[in-house]
Undergrad: 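The structure is given below, and queries will be raised subsequently.
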Amino acid sequence: MISFAFKRLLLAVPTLLVMLTAIFVLVRLVPGDAASVILGDQATEASLRAMRARLGLDQPIQVQYLHFLAEVLTGNLGQSLSSGRTVVQEVLLVLPSTIQLTLAAVTIGIVLGLPLGILAALGRNSWIDYVSRLVSLLGLSFPAFVSGILLLIVFAIQLGWFPVLTSDSTDPLERLRSLALPALNLGLILMAYVVRVTRSSMLGVLGEDYIRTARAKGVTPTRLVMRHALRNGLIPVVTVVGLYFGTLIGNSVLTEIIFNRPGLGKLIFGALNARDYTLLEGLMIIFAICVIVVNTLTDITYGLIDPRVKYK
Amino acid sequence: MTSFPRPALDLRNLRTEFRIRDRWYPAVRNVSVSLMPNETLAVVGESGSGKSVTALSILRLLPHAGARIQGGEVLFEGQDLVTLSEREMSSIRGNSIAMIFQEPMTSLNPTMTVGDQIAEAILIHRGGSRMQAKAEALRLLEEVKIPSPKSRLDEYPHQFSGGMRQRVMIAMALACHPRVLLADEPTTALDVTIQAQVLSQLEELKQAYGMSMLFITHNLGVVAQIADRVAVMYAGEIVELATVDALFAKPMHPYTAALLRAMPRADRGTENLEPIPGSVPALSAVPAGCSYAPRCPFKERTCLDLHPELVSSGDPGHLVRCPVRPVGGVH
């Protein structure tokens, strides 16, 4: 298992290099150059040249590329043009709330989605199956900004159960109350996916020969589902949850804006508005690394679930 | 014939139906047969003749939706299995009646170690600790002659070959010392040499454990090797029931005779093989009279209208469902 995990980690290295190269090229393709963006359109030719020299933009492209790689790999993502803090500092400032939101959303998605998907598969075409289909259809068809606003209207404004804006209070209960609606907003979308995938995956597994073997052995229905079917049906679910992390980043931008919640999504939105290219580039790199890490973890989870994966 | 021991398993008028487009059609039609203690009863017939459905009906392993036992009794140790609750049925499955299946490649759980899968049956029915169950699983792997069983106990099914997996299935079925073993084409998916090994092993274990065995196969060569008595099934019914010697020496039903002629034999060339023309009727299109009549070279006009009963052929213990059979058997 450990050597399998190690191999997967090694495979992530080339992926990371390709991503970094793509980001490097993408940023250089943007019309205009960083120096004129930083100094504005009133800058003199001399000051532009000085700024280019400071940023290393007068160097040949391959030198710039190696310099870029060296900086990224040593953890230097540059300095935000608008705040003056380093990108790493900016990220560390909001990272805890992003992690809280992501974990809460994923927990909601799995804790609600998995049992509902299993029950829907077991009671195929029963009322619970129809409920699950309805719930997942709703979750899939509402864009995050619409469901976010609906949640705010109902639970924050009408019922007043949760605050409208995220408070920066240090009281843990208050923070939890602030977390509830944004986490629900993201979690319900994930739940919709998890319900669908769990249902279809479990339906497939329940028709397998080894399920019949287990029944012929005298395995009782509960144990049949939990011990024999669930583990075999879990791989597609893990795939969906892993892939959802990527979507989560996009949706977290919207959710954090609607609920006025600090986080990576809000940071990237701010950077876009302020045309803070250094921050933007740094955040792209951070997001790329996050996605690669999650994908690698997903692959390693496959190996934990299904022993056959390790030998392929 | 003086003392009549109680059958280990007694099917009486078993009728199992499948639903096809909102109508129910019988896949097993009023099957009555007894499995005697220590006996091996082979059930033969082409695909679609209802052999597997009969075995699955005994343990009530048919899918809940789309299949039902519509009538009859399955008597086992004084109980009618048809009327038991699902919970009572669970305590019989794998315990006093066990079953092994055709596809060893797909019939084992890919995410559980072989040892855990065998131990599970013991833990469910016998209780005890996991350690004890694993020790018993190890003994069973030795019993079915898996090489270096100790290290293989913690391996997964994909690390085993087809023949080894079938042995694991057998070890699993034997775990609780069942009275009756239902074997649904257990050797069909295996290489011929492996087939022979598994067959002789089943025979040995049957003796050692004192089991009765219902052995389903479409291979008459296997029947000759392993069975005491044979039930020939066609379109969901038993059409002939006899001891293995009587059946091979003097088949009474035209279908049995045709099956024998279609069987490859070492002492005859393949040019003498006669395939049976036509095919088993679909569930929804079973003829009103004799089910075999459309394919039967001996059919008379009455065969198409009158459904024949399973009656004594005249020889003791030899039953046949055909009134027209030529005198002296149909060779």
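Protein chains get the first letters and strands the later ones, always in sequence-line order, with residue 1 at the start of each. Every heavy atom of this structure was used, including side-chain atoms; hydrogens, water molecules and symmetry mates were not.
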Undergrad: Check the surroundings of atom OH in Tyr25(B): do more than 12 heavy atoms from other residues, nucleotides or ligands lie under 6.0 Å from it?
TA: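 Yes, because the 6.0 Å sphere around OH of Tyr25(B) holds more than 12 heavy atoms from other groups.
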
Undergrad: Donor-acceptor pairs under 3.5 angstrom involving side-chain atoms of residues 46-53 of chain B: please list them, not counting sequence neighbours.
TA:
unit_1   : atom_1 : unit_2    : atom_2 : d
Glu46(B) : OE1    : Tyr255(B) : OH     : 2.8
Glu46(B) : OE1    : Arg295(B) : NH1    : 3.1
Glu46(B) : OE2    : Arg295(B) : NH2    : 3.3
Ser49(B) : OG     : Glu46(B)  : O      : 2.7
Lys51(B) : NZ     : Gly45(B)  : O      : 2.8
Lys51(B) : NZ     : Glu46(B)  : O      : 3.2
Ser52(B) : OG     : Asp184(B) : OD1    : 3.0
Ser52(B) : OG     : Asp184(B) : OD2    : 3.0

Undergrad: Taking every heavy-atom pair that is under 4.5 Å apart, which of Arg223(A), Arg212(A), Arg231(A), Arg124(A) has the most such pairs with chain B?
TA: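 Among the listed options, the one with the most contacts to chain B is Arg212(A).
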
Undergrad: So which part of Leu56(B) gets closer than 4.5 Å to some heavy atom of chain A, the side chain, the backbone, both or neither?
TA: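 It is the side chain, since no backbone atom gets that close.
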
Undergrad: First locate atom CE of Met169(B), then atom OG1 of Thr213(A), and finally report the distance between them rounded to the nearest 0.5 Å.
TA: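 Those atoms lie 4.5 Å apart.
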
Undergrad: Of all residues at least two apart in sequence or in a different chain, which pass the salt bridge (Lys or Arg N to Asp or Glu O under 4.0 Å) check with Arg152(B)?
TA: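 With neighbours one apart ignored, the set is Glu155(B).
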
Undergrad: Taking everything shown except Arg130(B) itself, do over 12 heavy atoms lie less than 6.0 Å from its CZ?
TA: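 Counting neighbours around CZ of Arg130(B), 12 or fewer heavy atoms of other residues, nucleotides or ligands fall under 6.0 Å, so no.
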
Undergrad: Quick check for you: among Gly94(B), Ala65(B), Ala173(B), which has the greatest number of heavy-atom pairs under 4.5 Å with chain A?
TA: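 If we count pairs closer than 4.5 Å to chain A, Gly94(B) comes out on top.
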
Undergrad: Checking Met172(B) against Lys217(A) for the side chain to side chain contact (heavy atoms under 4.5 Å, CB included) test, could you report, in this order, the C-alpha distance in whole Å, the side-chain angles of both residues, the deciding distance, and whether it holds?
TA: CA-CA 8 Å; Met172(B) 221 161 79; Lys217(A) 207 157 49 163; 3.8 Å; yes

Undergrad: Using non-hydrogen atoms only, which part of Arg87(B) is less than 4.5 Å away from chain A: side chain, backbone, both, or neither?
TA: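 Neither the backbone nor the side chain of Arg87(B) comes within 4.5 Å of chain A.
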
Undergrad: First locate atom CG of Leu59(B), then atom CZ of Arg215(A), and finally report the distance between them rounded to the nearest 0.5 Å.
TA: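 One gets 9.5 Å once the value is rounded to the nearest 0.5 Å.
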
Undergrad: So what's closer than 4.5 Å to chain B heavy atoms on Ile211(A): side chain, backbone, both or neither?
TA: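 No part of Ile211(A) comes within 4.5 Å of chain B.
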
Undergrad: Tell me the residues of residues 101-112 of chain B whose non-hydrogen atoms fall below 4.5 Å from those of chain A, in number order.
TA: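 Within residues 101-112 of chain B, the residues that come under 4.5 Å of chain A (heavy atoms only) are Phe101(B), Glu103(B), Thr106(B), Ser107(B), Leu108(B), Asn109(B), Pro110(B), Thr111(B), Met112(B).
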
Undergrad: Using a heavy-atom cutoff of under 4.5 Å, enumerate the residues of residues 117-128 of chain B that contact chain A, numbered in order, or state 'none'.
TA: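 Those residues of residues 117-128 of chain B which have a heavy atom under 4.5 Å from chain A are Gln117(B), Glu120(B), Ala121(B), Ile124(B), His125(B).
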
